[in-house]
Amino acid sequence: MDYAIPADRVVITVAQTGAITNKSLNPNVPEQPAEIAQSAYDCFNEGAAIVHIHARDPQGENTSELSIFEDIHGRIRDKCDMIIQDSTGGGPNLTQEQRVNCIKANPDMASLNMGSMMRVAGPYKGVPFSNMPDEIDWFVEQITQRGIKPEMEVYSHAMLQEVRRLIKEGRVQKPYYINIVLGMRYQGAEAATPKTLTSMVDNLPPDSIFNCTGVGSAQTPLATMAMIMGGCVRVGLEDNIYYAKGELAQSNAQLVAKVVRIARELGKQPATPAEARQYLGLPPAKA
Ligand code: KMH
Ligand code: ZN
C-alpha cells in the first residue's frame, strides 16, 4: 500500500514554543496555556493541521506537569480539531520520566527522538540529549500502548537505522511518520542542504510519510523543497524565530501563512486536520 499524501495537499505542523526559544529571544513565543491555544487556533485558521506542543511553567521553564498539558489540550480542543502532538523531547532540564509524562494527557501523536545527541553550543552546551536504543524502546512502548502515534524525529542518516530497527521489531505501525530535522548543528543534526534532504528521503523505509523541519534560516527553503518532493512540513518559532533575515517573526501564524502562500503557488492546499488524520492513519479527533 502506498501512503503518499495527495499531490495537491500538504500537511502542515506548527511547532510553536520549543524548549530553547523563549520570550527573551522573540517576545511572540507563546509560553502559557492560553497563549499556546490562541496561537494554535490562529495557525489552524492559516492552514496548520498539527500542533507540536512543549509546555512551560508559570515562570517560563520547560515543564512536564500533567495539568498544564491537559489545560493546553483542553483549550485547543475547545477551539478546533487540530491534531495534537506532544513533545517527549521535553527540554534539557527534564528527566526521561518527566519527558514522557505528557502522553498521559492523551495527545494524538507524540515525538520520538531517534538517537542521542550532544548539545555543542548555546546555553546547554555539553548537556547530552539522551535517546539510547533501550530508552527509545521504553518511550515507544509507552506511546503506542496508549494508542498514540509516534512522530519519529531523525536528525541524521544514522538515525534512520534506528527507525528500521523499530519497524523490524514491530514496535511502530504503518504508515511510519518520520520527521527529518536538518540544520540544527548545535544539537547534532546534519546540514540543511537539498542534497542531505534528498538523500534522507531516498533512504526512507517503505510505507513512510515524511515531514521536513528546517531549523533557523533553512525553515522556508527546506519546507519549499519538501513540498515539491511530496512531503509534509513543519514551521514555527520552536525551530526559527525569524520571518526574514534580521526580522523577528510576529507570530507562529505569520510563519504558517508564509508556507501556505508558497504551497498554493505550488498547486497545493493545506490539508485540514480531518484529511491529515486520514493520511496518517489516525483515529477521529479525541474529545
Ligand atoms: N526542536 C526540534 C528541532 C522534540 O520536541 O521532541 C526538536 C524537537 C524535539 O522537536
Ligand atoms: Zn519540540
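Note that ligands are numbered from 1 as they come in the structure, with each ligand's atoms numbered from 1 the same way. One-based numbering along the sequence shown. Below, each value reflects all heavy atoms present in this structure, side chains not excepted, and no hydrogens, waters or symmetry copies.
- Shown in contact with G89 at under 4.0 Å from a heavy atom are these atoms of ligand 1, numbered in order with element: 4 (C), 6 (O).
- The proximity of E238 to ligand 1, defined as any non-hydrogen pair under 4.0 Å, is limited to the side chain.
- Classification of E141 and R146 as a salt-bridged pair fails, no side-chain N sitting under 4.0 Å from a carboxylate O.
- Remark: R165 engages D137 in a salt bridge, criterion side-chain N to carboxylate O under 4.0 Å.
- Residues satisfying the side chain to side chain donor-acceptor pair (under 3.5 Å) criterion with Q32, sequence neighbours excluded, are absent altogether.
- Listed by chain and number, the protein N, O or S atoms at a distance under 2.8 Å from the Zn ion (ligand 2) are H52 NE2, H54 NE2, E238 OE2.
- The ring-ring contact (aromatic ring centres under 6.0 Å, His included) search around H54 returns H52, not counting sequence neighbours.
- Remark: the T63 side chain and the E65 side chain contain no N/O donor-acceptor pair separated by less than 3.5 Å.
- For D71, the side chain to side chain donor-acceptor pair (under 3.5 Å) test picks out R75, with sequence neighbours left out.
- Those atoms of ligand 1 that come under 4.0 Å of a heavy atom in S111, given as number and element, are 4 (C), 5 (O), 6 (O).
- Note on ring orientation: taking the six-membered ring where Trp is involved, the planes of F69 and H73 are perpendicular (angle over 60°, cut-offs 30° and 60°).
- With no hydrogens or angles considered, a side-chain donor-acceptor pair links N131 and R99 at under 3.5 Å.
- Atom numbering of ligand 1 starts at 1 in the shown order; those under 4.0 Å from a heavy atom of Y155 are 7 (C), 8 (C), 9 (C).
- Heavy-atom distances between H52 and ligand 1 reach below 4.0 Å in at least one pair.
- Closest heavy-atom contact between G90 and S87: N-OG, 2.9 Å.
- Side-chain contact between H157 and M200: present, with at least one pair of heavy atoms (C-beta onward) separated by less than 4.5 Å.
- Of all the atoms in ligand 1, the ones that sit under 4.0 Å from a non-hydrogen atom of V181 are 3 (C).
- For ligand 1, the polar-atom distance check against E153 finds a nitrogen or oxygen pair separated by under 3.5 Å.
- K149 forms no cation-pi arrangement with Y177, by the criterion of a distance under 6.0 Å to the ring centre and an angle within 45° of the ring axis.
- Under the 4.0 angstrom criterion for non-hydrogen atoms, R234 is in contact with ligand 1.
- Only side-chain heavy atoms of D239 come within less than 4.0 Å of ligand 1; its backbone N, CA, C and O stay farther off.
- In this structure the side chain of Q219 reaches within 4.5 angstrom of the side chain of D239, judged on heavy atoms.
- Under a 4.0 Å criterion applied to the non-hydrogen atoms of S87, ligand 1 contributes the atoms 4 (C), 5 (O), 6 (O).
- Nearest heavy atom pair, residue A226 against residue V233, reads CB-CG1, 4.0 Å.
- When heavy-atom distances to ligand 1 are checked against a 4.0 Å cut-off, F139 has no atom that comes that close, whether in backbone or side chain.
- The shortest N/O to N/O separation between M184 and ligand 1 does not fall below 3.5 Å.
- A heavy-atom separation below 4.0 Å is found between H54 and ligand 1.
- Contacts between I20 and ligand 1 below 4.0 angstrom, taking non-hydrogen atoms only, are absent altogether.
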